Amino acid sequence: MFNLTEIIFPSRCIGCSRLGISICSECRKQWHPHFYQRVINCRGESFPVFSAIQYSPIASRVLLSAKESQIKAADQLIVNGIVHSLKLFVSRHGPATLVPIPSRKSANRKRGRNFLQEITTQVAIEVGLPHQSPLTHIRKVRDQSQLNLMDRSENISGALSISPDFTTEFCAGNTGPKIIVIDDLITTGATLAEAIRALRTAGFTVLGAVTSCTAKPLR
């Protein structure tokens, strides 16, 4: 039996807009967590990146629904993907403090929230790990989504640093100053590499990164 809210505001699938549940069985086939591993390089060292979902048109709609439309069901799908990969990452590389990629201030203003920081907080609660947000932009960058491989690297290079409010003591405790970087999507890996550079420059030990989705690298 439907309640009045369901009649006035019926649910639609995030992936295909079909009336029904938040993601239908057909679209869920393209958002079923698996395991994908890549390696990114930062100043001569390699870092593992674990992901759960292969990027696809359905995945794109899920990410946009969370970022731009603030659909909670889409948030939870992203959280589920990160948690899936994070548990495997921790089993292989050990626990650490979760640190999200910082969003541009203009994006936060447009969305009315810090999307990835909220996602990381939810993930941290579910897996029982500490989380902090020490990274910040120190200069303006363009939206990476419209740039090619070379332009992405140039756009983000040297753009991140540690906020003056944070020091290596912020994650003191059982995990020590070790970091797992969190993002929603890896494409070229340029943003993750820049985050790793900034964190290591500040004295942190970075174990690697975990994302919800992974896309084929650009050329």
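Note that the structure is a prediction, hence the values are computed from the model and not measured. Along the sequence shown, residues carry numbers from 1.
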Using atom types as modelled, flag every donor-acceptor pair under 3.5 Å from a side chain in residues 86-95 to any protein atom, sequence neighbours excluded.
{"residue": "Ser91", "atom": "OG", "partner": "Leu88", "partner atom": "O", "Å": "2.6"}

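Closest approach of Arg139 to Ile156, counting heavy atoms only: NH2-C, 3.8 Å. The two residues Pro48 and Gln37 make their nearest non-hydrogen contact at CB-NE2, 3.8 Å. For Ala159 against Val141, the heavy-atom pair with the smallest separation is CB-CG1, 3.5 Å. When all heavy atoms of Gly81 and Ala52 are compared, the pair lying nearest together is O-CB, 3.2 Å. Across all their heavy atoms, Cys42 and Ala193 have their closest contact at SG-O, 3.6 Å. Minimum interatomic distance between Cys16 and Cys24 (heavy atoms only, all atoms of both residues): SG-SG, 3.8 Å.
Note on Leu192 and Leu63: same hydrophobic cluster, where clusters join Ile, Leu, Val, Met, Phe, Trp and Tyr whose side-chain heavy atoms are under 4.5 Å apart, directly or indirectly. Note on Ile82: it clusters hydrophobically with Leu135, by side-chain heavy-atom contacts below 4.5 Å among ILVMFWY residues. A single hydrophobic cluster is seen to contain both Ile71 and Val62, as judged by linkage of ILVMFWY side chains at heavy-atom distances under 4.5 Å, directly or through other members. When hydrophobic clusters are built by joining Ile, Leu, Val, Met, Phe, Trp and Tyr residues whose side-chain heavy atoms come closer than 4.5 Å, directly or via intermediates, Val127 is grouped together with Ile119. Following chains of ILVMFWY side-chain contacts shorter than 4.5 Å, one cannot reach Val181 starting from Ile138, and the two form parts of different hydrophobic clusters.
Going from atom OG of Ser65 over to atom CG of Leu77 covers 9.5 Å, rounded to the nearest 0.5 Å. Distance SG/Cys27 to CD1/Ile58: 3.5 Å, rounded to 0.5 Å. Between the CD1 atom of Ile101 and the CG atom of Leu185 there is a distance of 11.5 Å, given to the nearest 0.5 Å. Taken from CZ in Arg61 to OG in Ser17, the straight-line distance is 7.5 Å, to the nearest 0.5 Å. A distance of 10.0 Å separates CG of Leu98 from OG of Ser133, quoted to the nearest 0.5 Å. For the atom pair Ser25 OG and His32 NE2, the distance stands at 13.5 Å (nearest 0.5 Å).
For His137, there are no ring pair (Phe, Tyr, Trp, His ring centres under 6.0 Å) partners two or more places apart in sequence or in a different chain. When the salt bridge (Lys or Arg N to Asp or Glu O under 4.0 Å) test is applied to Glu26, the partners found at least two apart in sequence or on another chain are Lys29.
In this structure, the side chain of Arg38 engages the main chain of Thr187 through a donor-acceptor pair within 3.5 Å. Without hydrogens or angle criteria, Gln70 side chain to Arg111 main chain gives a donor-acceptor distance under 3.5 Å. Of the possible polar contacts, none joining the Gln132 side chain to the Thr97 backbone as a donor-acceptor pair under 3.5 Å is found. Arg197 places a side-chain N or O within 3.5 Å of a backbone atom of Leu160 that can act as its donor or acceptor partner.
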Test side chain to side chain contact (heavy atoms under 4.5 Å, CB included) on Gln117 and His131 and set out the steps.
CA-CA 9 Å; Gln117 186 172 308; His131 64 98; over 6 Å; no
List the steps, then state whether side chain to side chain donor-acceptor pair (under 3.5 Å) holds for Ser51 with Thr211.
CA-CA 5 Å; Ser51 306; Thr211 72; 2.6 Å; yes
Begin from the C-alpha positions of Ile162 and Phe204 and carry the test side chain to side chain contact (heavy atoms under 4.5 Å, CB included) through to its verdict.
CA-CA 11 Å; Ile162 304 299; Phe204 296 102; 4.0 Å; yes
Apply side chain to side chain contact (heavy atoms under 4.5 Å, CB included) to Ile196 and Glu45, showing your working.
CA-CA 10 Å; Ile196 291 171; Glu45 293 193 38; over 6 Å; no
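Considering only heavy atoms from C-beta on, Ile23 stays 4.5 Å or farther from Gln30 through its side chain. The shortest distance between side-chain heavy atoms of Ile186 and Ile40 falls below 4.5 Å. Contact annotation: the side chain of Thr214 approaches that of Gln54 to within less than 4.5 Å [non-hydrogen atoms, C-beta and beyond]. Taking the side chain as every heavy atom from C-beta outward, Phe115 and Pro100 never approach each other to under 4.5 Å. Counting heavy atoms from C-beta outward, Pro134 and Leu199 have side chains that approach closer than 4.5 Å. Residues Lys140 and Arg104 are not in side-chain contact: their nearest non-hydrogen atoms beyond the backbone lie 4.5 Å or more apart.
No side-chain donor from either of Asn114 and Glu118 sits under 3.5 Å from a side-chain acceptor of the other.
Remark: Arg18 CZ is loosely packed, at most 12 non-hydrogen atoms of other residues, nucleotides or ligands lying under 6.0 Å away.
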